[in-house]
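Here is the structure we will look at.
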Amino acid sequence: MDNMKTRFAPSPTGYLHIGGARTALFNYAYAKHNGGKFALRIEDTDFERSEKRFEEDIIESLKWLSIFPDEETIFQSERLGIYKSYVVQLLKENKAYYCFCSKELLEEDRNKLIAENKKPMYVGRCRELKPDEALLKTPHVIRFRVDRSSGAATGFKDLIRNQYINVNNDEIDDFVLVREDGIPTYNFAVVIDDALTGITHIVRGDDHLSNTPKQIMLYNALGFNAPEFAHVSMILGSDGKRLSKRHGATSVNQYKKEGFLPEALVNYLIRLGWSHGNDEIFSMEDIIKYFDLKNISKSAAVFNTEKLLWLNSHYIKLKDPFILINLINDIKDDFQSPLSIDIKTAALVESLKSRAKTLVELRNKLDFFIGETIDYKDEILNEFNFNENDSAFLKSFGEFIAGLSDEIFNCGDMDLTARTGKENALEKLKNSIESIKNEFNGFLSKNNWTMKEKAMLIRLAFTGEKVSPPIYEMIFSLGKERCVERIEKFSDYIINIKR
RNA sequence: GGCCCCAUAGUCUAGCGGUUAGGACGUUGCCCUCUCACGGCAGUAACACGGGUUCGAAUCCCGUUGGGGCUGCCA
């Protein structure tokens with residue numbers, strides 16, 4: 001299709017959530033795959049619930065996910081005049097009518113119908129009314145006149161199910177087009193905007209499935225060609241209920257804050273309900289290359305954080321440490337100081353990146369390095385029975401560190417703002433680690449010690465924890481002075497434990 | 001309640017009338033190993049049920065059950 005155009009049309013009544021993000025991604029991917037355009041429209045006709053901050057969040061979150069609209073974003077609140085002219089047309093053609101029923105009266109009708117076990121629909125009290133000017137000054141809404149001729153039905157073909165969905169018109173209420181305050185309702189505004197902006201394909205959640213016949217009626221009544229429709233199933237929480245705040249993080253920005261990479265979230269979302277054979281890893285480029293509606297699943301999908309975490313760790317492993325440092329600094333909260341962009345930090349990040357599933361986790365594993373001092377904790381150290389041999393080892397280990405050549409630690413003087421500078425620094429780092437390894441192994445074998453028996457002692461001395469980054473990297477990053485300092489402090493500590 | 005949609009392992013899915021029902025996450029075991037990870041290898045686990053159609057059904061049709069959605073002057 002030459003001039004395909006899709007759109008994402010969220011209402012700014014909340015942050016961009018996972019379901020919306022997936023819908024946006026599907027629309028974006030579909031348009032891009034077919035060489036078409038993707039548009040963003042903010043459906044802010046509910047003035048009560050719409051908020052500027054949500055609008056901004058939606059736009060920012062889409063950008064973060066690399067979902068870029070091809071056209072200027074449309075705001076429905078700025079198009080009220082346009083909708084109005086089309087209502088006038090419908091009224092003139094007798095396809096819509098004024099309704100003066102009060103909300104209280106409607107509520108009564110409704111309760112009555114429910115009590116009689118009937119479908120609660122508008123009773124049609126004003127359907128044939130010819131209001132005079134005086135009456136028009138009283139509060140009213142405008143309703144769509146649904147074709148009530150017997151057997152009338154409205155249908156459309158759903159691209160995902162690849163089948164026609166038909167609904168009897170008597171299932172469809174004379175729905176409101178314009179509210180009492182003159183603001184158009186959702187079903188009316190979407191149709192006008194989608195038609196006027198040339199949207200050819202609408203991909204949306206299947207919670208809209210039952211709205212579609214109403215919208216088809218409107219397209220017909222207004223003389224527009226209806227676009228194609230594709231209804232994607234919902235995303236469910238682990239309990240099988242529709243995904244909501246109860247299930248934990250649901251907004252895109254929250255995933256960002258929790259240390260997820262946009263690549264991971266995009267990859268996860270595209271695979272939630274869509275597949276391309278047995279492939280699991282998709283870059284945005286791959287997605288655009290392969291995406292097609294025919295591979296979208298008809299059934300609802302349960303959101304699974306474990307798989308998202310797996311993808312996140314996959315993408316973290318692919319990043320170079322300097323980029324990771326920047327990413328971590330991007331999401332740091334107000335209480336944290338930014339990581340410094342230097343080779344010592346990079347060395348640890350590099351060795352830690354396969355050990356963390358999120359950026360937040362990665363940052364936390366750096367605590368021992370960022371903190372000036374370490375508080376050794378009895379509850380951890382009491383598990384070990386330190387003895388004189390340990391003290392002796394620590395003493396000579398400290399001397400070994402102090403005796404290391406300064407040259408080994410010297411690679412912090414490169415220009416890390418340039419790509420080649422980073423590459424050189426990383427190259428030098430590799431050599432330094434290699435040197436430390438050789439020196440250290442020499443030191444061990446000279447004394448008939450093994451890595452296995454001494455590693456935990458060093459780990460505890462450097463971090464106070466039983467789990468740490470690899471030892472060579474820690475020696476490099478902490479540097480001679482801090483290593484020696486910690487070794488001495490730790491020695492003192494374990495001597496006191498023994499007593 | 002009415003209308004609509006859906007149904008392969010715990011989860012995401014491949015399958016599109018003939019397969020030992022494939023992959024991924026998770027999980028379990030082993031290997032690697034300075035801890036924890038990464039990585040490698042192996043294992044675990046599914047066609048909701050009942051009728052048809054057919055030589056043959058996970059695949060097509062109907063029903064049952066289960067789940068979801070809609071039933072707003074929200075979107």
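Here the structure is a predicted model, which means the values were calculated and not measured.
- Rounded to whole angstrom, the span from the NZ atom of A:Lys157 across to the C1' atom of B:C5 amounts to 17 Å.
- Proximity note for A:Ile165 (side chain, C-beta onward) versus B:C25, B:A37, B:C5: the nearest is B:C5.
- In this structure, B:A48 and B:U64 make a Watson-Crick or G-U wobble pair, each of the two defining distances being under 3.5 angstrom.
- Of all nucleotides present, none satisfies the Watson-Crick or G-U wobble test against B:C73 with each distance under 3.5 Å.
- What separates CZ of A:Phe303 from P of B:C12 is a distance of 12 Å, to the nearest Å.
- No donor-acceptor pair closer than 3.5 Å links the side chain of A:Ser77 to the backbone N or O of A:Thr45.
- Pair assignment for B:A21 gives none, since no Watson-Crick or G-U wobble pairing has each distance under 3.5 Å.
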Polar pairs (N or O, both sides) under 3.5 Å between protein and nucleotides 71-73 of chain B?
{"from": "B:G72", "atom 1": "OP1", "to": "A:Arg110", "atom 2": "NH1", "distance (Å)": "3.4"}
{"from": "B:G72", "atom 1": "OP2", "to": "A:Arg110", "atom 2": "NH1", "distance (Å)": "3.4"}
{"from": "B:C73", "atom 1": "O2", "to": "A:Glu180", "atom 2": "N", "distance (Å)": "2.8"}
{"from": "B:C73", "atom 1": "N3", "to": "A:Glu180", "atom 2": "OE1", "distance (Å)": "3.3"}
{"from": "B:C73", "atom 1": "N4", "to": "A:Glu180", "atom 2": "OE1", "distance (Å)": "3.2"}

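- Both distances falling under 3.5 Å, in either a Watson-Crick or a G-U wobble arrangement, occur for no nucleotide opposite B:U35.
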Contact letters for nucleotides 30-36 of chain B, in which S counts primed atoms plus P, OP1 and OP2 and B counts the base, heavy atoms under 4.0 Å: ----BBB
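- Between A:Asp239 atom CG and B:G10 atom P the separation is 17 Å, expressed in whole Å.
- Looking at A:Asn267, its side chain never comes within 3.5 Å of a backbone N or O of A:Glu263 through a donor-acceptor pair.
- Look at B:U27: its Watson-Crick or wobble partner, with both distances under 3.5 angstrom, is B:G43.
- Place A:His208 and A:Gln163 on RNA chain B by their nearest nucleotides, and A:Gln163 ends up nearer the 5' end.
- B:U64 and B:G10: their C1' atoms are spaced 26 Å apart (whole Å).
- In plain terms, the two heavy atoms of A:Ser468 and A:Met474 that are nearest each other are OG-CE, 3.2 Å.
- Straight-line distance from the CD1 atom of A:Ile58 to the C1' atom of B:A75: 11 Å, rounded to whole Å.
- Regarding contacts with the backbone of B:C70, a side-chain N or O of A:Arg242 is found under 4.0 angstrom from either OP1 or OP2.
- Candidate nucleotides B:U8, B:C25, B:C4 were compared by shortest atom distance to the side chain of A:Leu209, and B:C4 ranks first.
- Nearest to the side chain of A:Glu171, among B:C70, B:U11, B:G2, sits B:G2.
- Across the protein-nucleic acid pair, A:Asn278 atom CG and B:C25 atom C1' stand 14 Å apart, rounded to whole Å.
- Side-chain N/O atoms of A:Lys317 include one lying less than 4.0 angstrom from OP1 or OP2 on B:G39.
- Of the possible polar contacts, none joining the A:Ser61 side chain to the A:Ile58 backbone as a donor-acceptor pair under 3.5 Å is found.
- Ring geometry, A:Phe397 versus A:Phe462: the interplanar angle falls from 30° to 60°, so the pair is classed tilted.
- Rounded to whole Å, atom C1' of B:A14 lies 10 Å from atom CD of A:Glu280.
- For the pair A:Arg79/A:Leu196, a side-chain contact is recorded, criterion being any heavy-atom separation below 4.5 Å from C-beta on.
- Nucleotide B:C16: unpaired (no Watson-Crick or G-U wobble partner with both distances less than 3.5 Å).
- The main-chain N or O of A:Arg49 is never found under 3.5 Å from a side-chain atom of A:Thr13 such that the two would form a donor-acceptor pair.
- Atom CZ of residue A:Phe175 and atom CZ of residue A:Phe144 lie 5.5 Å apart, to the nearest 0.5 angstrom.
- The salt bridge (charged side-chain N to carboxylate O under 4.0 Å, His left out) with A:Asp174 is formed by just one residue from the set A:Arg125, A:Arg145, A:Arg148; it is A:Arg148.
- Checking B:C70, B:A75, B:U13 against every side-chain atom of A:Ala301, the shortest atom distance belongs to B:U13.
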Stepwise ring pair (Phe, Tyr, Trp, His ring centres under 6.0 Å) test for A:Phe291 and A:His33: CA-CA 6 Å; A:Phe291 188 82; A:His33 176 77; 7.6 Å; no
Residues A:Leu91, A:Tyr98; criterion side chain to side chain contact (heavy atoms under 4.5 Å, CB included); working and verdict: CA-CA 8 Å; A:Leu91 283 166; A:Tyr98 294 101; 3.3 Å; yes
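- Across the protein-nucleic acid pair, A:Leu311 atom CG and B:C25 atom P stand 9 Å apart, rounded to whole Å.
- Contact check, A:Ser297 against B:C12: no side-chain N or O comes under 4.0 Å of OP1 or OP2.
- Checking B:G69, B:C6, B:G39 against the side-chain heavy atoms of A:Lys298 singles out B:C6 as nearest.
- Counting to the nearest Å, the C1' atom of B:A75 and the CZ atom of A:Phe8 are 11 Å from each other.
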